[in-house]
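Some notes on the structure that comes next.
Source: prediction; values computed, not measured. Numbers for residues simply follow the sequence, beginning at 1. When a ligand or atom number is given, it counts from 1 through the structure's own listing order.
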Amino acid sequence: MSASGKSAPLTRLPAWRALQEHHRSAAGFRLRELFEQDPARFDKFSLRCGDILLDYSKHLVTADTLRLLLELAHSRDLPAWINRLFSGDKINLSENRSALHTALRAPGPLVVDGTDIATDVAQTLSRMRRFCDAVRGGKRKGFSGRAFTDVVNIGIGGSDLGPALATEALAPYACPQLQSHFVSNVDAAHLAGVLARLNPETTLFVVASKTFTTLETLANARSARDWLIAKAGSTAAAVPHFAAATSNVAAAREFGIDAEQVFETWDWVGGRYSLWSAVGLPLALTIGMEHFNQLRAGAHDMDAHFRNTPPERNMPVIMGLLGIWYANFFGAATQAILPYDQSLRLLPDYLQQLEMESNGKCVTQDGSAVDYATAPVIFGAAGTNGQHAFYQLLHQGTQLVPADFIGCCQSHYNLGSHHEILLSNLFAQSEALMRGRTRDEGKAQMQSQDMPQQDIARMAPHRVFPGNRPSTTILIRKLEPRTLGALLALYEHKVFVQSVIWGVNAFDQWGVELGKQLAGRILPELATGTPVSAHDASTNGLINYFKANRH
Ligand code: G6Q
């Protein structure tokens, strides 16, 4: 759908057809040769934004490919869509909502539906600041008069992944007196495992739930409250130990959370885009409001870049279009996220939700079925761990898996040559995926190891690496609140770019809602002693087996 509402089937656009045609010649692209032919390839195909460098020269693209991809973006009205995103148009059509996560980090006023949302945001931020300062400064205390030492975030999905990732990534900025913990799974093992290490007198819970109706979060919050009341002696004594981040203030109040400790989010912030709102409270408590604001400022830097930079030099636009090139023309069904930074260990999980929940859709905004691939499966792990696990398939498997390598020039942890070892692995992996190893190179290596001739002949096919496997490398000067904010906003906008090309709504999640409804239906059936018969034979069989073996 174009920004003005007129639909034009994607696969019938001249730009799409031109890319299909161009893809036929791309089958002959050899990255080794492209680098040999053009010593300036890195300079031509890399971008800088603040402290972030994006190298996309190791992609199966030429200047022509990029021109055609940019034409596709143009024919999907991308600049107009970017405008609509930032100005608060209701681009989340299926829920009739704006998607205004960018307003959570923008300094200026913005009126939506007659309300200046910037004022609401500023008020919540200043309440968060007072709360964080009081908790961190030991002024806000638990039932026995002791300062808080532990913060437990209870939330799931978008109310967990962003704060959990950022809290771990920014550990060097954490207040040493305050430990943070994240409980998301309704499996009692998660909450029980965390509570076993905590003292109720000094534990603060943040219940993060936009809707305040999510089964898992409410079950965990109730059990946490019971645990606290049991130790504190009364419901009233437990009150100072609970805060909430939610758009359902009434439900949080009904749960028993003091109005002063309820921090509002809004309908126009999607769960997976909500780190910058009150959902970031556990992070703000841990790293302090100053650092939290730097995180927001970094995201705003990327917002400004995305909004104001021409498409050909625009990082999220280029990343988004490269993803389209592989998903729709090479048939790549996956995308690897490979942070060479232990602090970004949770980035693959976070991006899995961001990308797959946003663009894992099979109908366009106007409800028509798509006849092309949308979001790839996102997976990954921190390097170098992944090298010893799944990289084998990246190097010699039969599927094309585009990869994002992410590393930092400076480390917070200066321990011997660890950082050089880490980064040398990053550079070596992206180089090896690109270059591969020919049969002759493999043989030469074995000869240099004095291998017997017959072994060399037998081993040669196994030592061949096809190469020509594309990757992006993102280098960050140092992992700081501001650069992390920019990195996460880069991916948010990349996802938006792809949603515009595919014509899907990046801001709804009916698949998640389905899960919420289904679990609610089966739960009462598990409580009775009688066998069930209302489902298909498999589901009946599984439920009845569970019931028979429950005790
Ligand atoms: C995110 C999704 C989803 C949501 C969780 C938790 O965009 O909507 O992951 O964040 O289902 O929902 P609540 O915050 O409402 O508990």
Legend entry - Main-chain N/O of Ile91 paired to Asp89 side chain as donor or acceptor, under 3.5 Å: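 Not a single qualifying donor-acceptor pair exists.
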Inset, instruction - Would you confirm whether Asn359, through its side chain, and Val495, through its main-chain N or O, come within 3.5 Å as a donor-acceptor pair? - result: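 Looks like yes, one N/O pair under 3.5 Å.
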Inset, instruction - Would you tell me whether His190 and Asn220 have side-chain atoms, one donor and one acceptor, within less than 3.5 Å of each other? - result: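 Note: His190 and Asn220 side chains miss the donor-acceptor criterion.
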Inset, instruction - Taking the six-membered ring for Trp and the full ring for Phe, Tyr or His, determine whether the centres of His300 and Phe306 are under 6.0 Å apart. - result: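 No, the ring centres sit 6.0 Å or more apart.
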Legend entry - Ring centre gap for His241 and Phe148 strictly below 6.0 Å: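 Yes, the ring of His241 comes within the 6.0 Å limit of the ring of Phe148, centre to centre.
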Could you list each N/O atom of ligand 1 together with any protein N/O atom closer than 3.5 Å, one pair per line with the distance?
unit_1, atom_1, unit_2, atom_2, d
ligand 1, 7 (O), Gly271, N, 3.4
ligand 1, 7 (O), Arg272, N, 2.8
ligand 1, 7 (O), Arg272, NH1, 2.7
ligand 1, 7 (O), Glu357, OE2, 3.0
ligand 1, 9 (O), Gly158, N, 3.2
ligand 1, 9 (O), Gln353, NE2, 2.7
ligand 1, 9 (O), Glu357, OE2, 3.4
ligand 1, 10 (O), Gly158, N, 2.9
ligand 1, 11 (O), Lys516, NZ, 3.0
ligand 1, 12 (O), Thr214, OG1, 3.4
ligand 1, 12 (O), Lys516, NZ, 3.3
ligand 1, 14 (O), Ser159, OG, 2.6
ligand 1, 14 (O), Lys210, N, 2.8
ligand 1, 15 (O), Lys210, N, 3.4
ligand 1, 15 (O), Thr211, N, 2.9
ligand 1, 15 (O), Thr211, OG1, 2.6
ligand 1, 15 (O), Thr214, OG1, 3.4
ligand 1, 16 (O), Ser209, OG, 2.6
ligand 1, 16 (O), Thr214, OG1, 2.5

Inset, instruction - Can you tell me which residue pairs pass the side chain to side chain donor-acceptor pair (under 3.5 Å) test with a partner in residues 279-292, sequence neighbours excluded? - result: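 Counting only pairs at least two positions apart or across chains, the side chain to side chain donor-acceptor pair (under 3.5 Å) contacts touching residues 279-292 are Arg129-Glu290.
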